[in-house]
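We name chains A, B, ... by the order of the sequence lines, and we start the count at 1 in each one.
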Amino acid sequence: MHRKLAVPLGIVAMILSTSLFAGPREDLLAQYATAARTETPTFSGFSAARGKTLHTQKFSGGKPDTPACTACHGENPRGAGRTLTGKDIEAVAVSVTPKRYTDPAKVEKWFKRNCREVLGRACTVQEKGDWITYMASQ
Amino acid sequence: MNIPYRPLALGLVALAFSAIVLQRAQAGGDDYFPPVVDPLVKEECGSCHMAFAPSMLPASSWKRMMGNLKDHFGDDASLDADTAARITSYLVTNAADTGGKRYSSKLLRGIAPNSAPQRITELPKWVSEHRKVPAWEWKHKDVRTKANCVACHADAERGFYED
C-alpha cells in the first residue's frame with residue numbers, strides 16, 4: 001500500500017518541482033533545500049525573515065571594514081550598493097535586478113568571498129537559501 | 001556671535017571637493033590608457049573596483065598578481081584555473097611593457113625590470129603625478145582609497161585620466 005502510493009507521489013512531486021520551480025533561481029533554491037535537509041535534519045524551509053536578519057546583522061568574525069552585508073549592498077536591497085573601492089553594485093533585490101541568482105557559479109563565488117569577509121567563515125546552506133529567499137521577496 | 005566653525009569647515013571641504021571633481025570631469029586631457037574590453041576580464045576584475053587598464057603595470061606584475069588571487073590585497077578574488085589563465089593572457093598581452101607599451105612608457109619610469117610591482121598607486125610616476133593631492137582629499141568619503149580612480153577621474157573607465 002505504502003509502496004504503491006510512493007511512486008505516483010514521487011512523480012507528482014517531480015512534475016510539481018519542474019513546473020512550479022521553473023527558472024534557474026528556483027532550481028538553485030531547490031538544490032539548496034535538498035542540501036539543507038542533509039545539513040540539518042530538522043530543516044523546514046527557508047525564511048525571508050531570517051534572510052533579512054543575516055543581511056543586516058553585524059558580525060565580528062570577519063573584516064572590521066565589512067561587519068555586515070549592508071557594508072557593500074546597502075541597508076535597502078532595492079537600492080544600489082557600493083564596494084569600499086568605490087564600485088557601484090546593482091541592487092540585490094530580484095524585483096530591481098531580475099537576473100540576480102540565476103547563475104549558480106556566480107552565486108557560489110560571491111557567497112564564498114563575501115561570507116568569509118563578513119562572517120569570517122563560509123555561510124551554511126540554510127543561510128544562503130534564507131538570504132536569496134529574502135532577496136527574491138524584495 | 002557664535003560661529004559654528006566645524007560645520008562651516010566641513011561644508012567648505014565638501015564644496016572644494018565637488019569643485020575639484022567637476023574641474024577634473026571637465027578638463028580635456030590626453031593621458032589615455034585603453035580600458036579593458038574583454039567581457040570576461042571586465043566581469044571578473046571589474047566588480048570590486050574599476051577594471052584597471054592592463055597598460056598600467058608590466059607583464060611580470062600581472063603574472064604575479066594572477067598567481068595569488070586568493071590573497072588579493074586582503075580579499076579573496078580567486079577564480080577557477082581556466083578563467084584565471086584566460087584573464088592572465090589578456091593582461092599580459094596588453095601590459096605596459098608588451099602590447100600597451102606606447103601608452104605607458106612614462107608610467108614605468110624608475111621601475112626595476114622584473115620587480116613586478118603590485119600597485120599602480122605605488123609606481124613612482126603615479127606617486128609624483130598625485131603629490132599635489134591633499135591628504136583630506138584621499139580620506140574623503142567619496143574617495144576612501146587611492147585605488148578609487150573614478151572618484152576623481154570621471155572618465156577613467158573609458159581610459160582618460162586628464163588634468
To the nearest 0.5 Å, what is the distance between [atom1] ([X]) and [atom2] ([Y])?
{"X": "B:Ser47", "Y": "A:Glu90", "atom1": "OG", "atom2": "CD", "value": "11.5 Å"}
{"X": "B:Ser78", "Y": "A:Lys109", "atom1": "OG", "atom2": "NZ", "value": "9.5 Å"}
{"X": "B:Arg144", "Y": "A:Thr83", "atom1": "CZ", "atom2": "OG1", "value": "8.0 Å"}

Problem set entry | Shortest non-hydrogen contact between B:Asn148 and A:Arg82, atoms and distance | ND2-NH2, 3.7 Å
For this session: Compare every heavy atom of A:Thr85 with every heavy atom of B:Ala147, then report the nearest pair and how far apart it is.
Result: CB-CG2, 4.2 Å
Are [X] and [Y] grouped together when hydrophobic residues (ILVMFWY) are joined by side-chain heavy atoms under 4.5 angstrom apart?
{"X": "B:Tyr161", "Y": "B:Val133", "result": "yes"}
{"X": "B:Leu57", "Y": "B:Phe73", "result": "yes"}
{"X": "A:Val96", "Y": "A:Ile132", "result": "no"}
{"X": "A:Leu84", "Y": "B:Phe52", "result": "no"}
{"X": "A:Tyr101", "Y": "A:Ile89", "result": "no"}

Exercise. Does NZ belonging to B:Lys125 count more than 12 external heavy atoms closer than 6.0 Å?
Worked result: yes
For this session: Sort out for me which of B:Glu157, B:His49, B:Met50 touches chain A most, counting heavy-atom pairs under 4.5 Å.
Result: B:His49
Problem set entry | Proximal component of B:Lys141, with respect to chain A [non-hydrogen, under 4.5 Å] | backbone
For this session: Give, as side chain, backbone, both or neither, the part of B:Asp80 having an atom under 4.5 angstrom from any heavy atom of chain A.
Result: neither
Exercise. Can a salt bridge be assigned to the pair A:Arg116 and B:Asp76 using a cut-off of 4.0 Å between side-chain N and carboxylate O?
Worked result: yes
Exercise. Can you name the residues of residues 82-92 of chain B that have some heavy atom under 4.5 Å away from a heavy atom in chain A?
Worked result: none
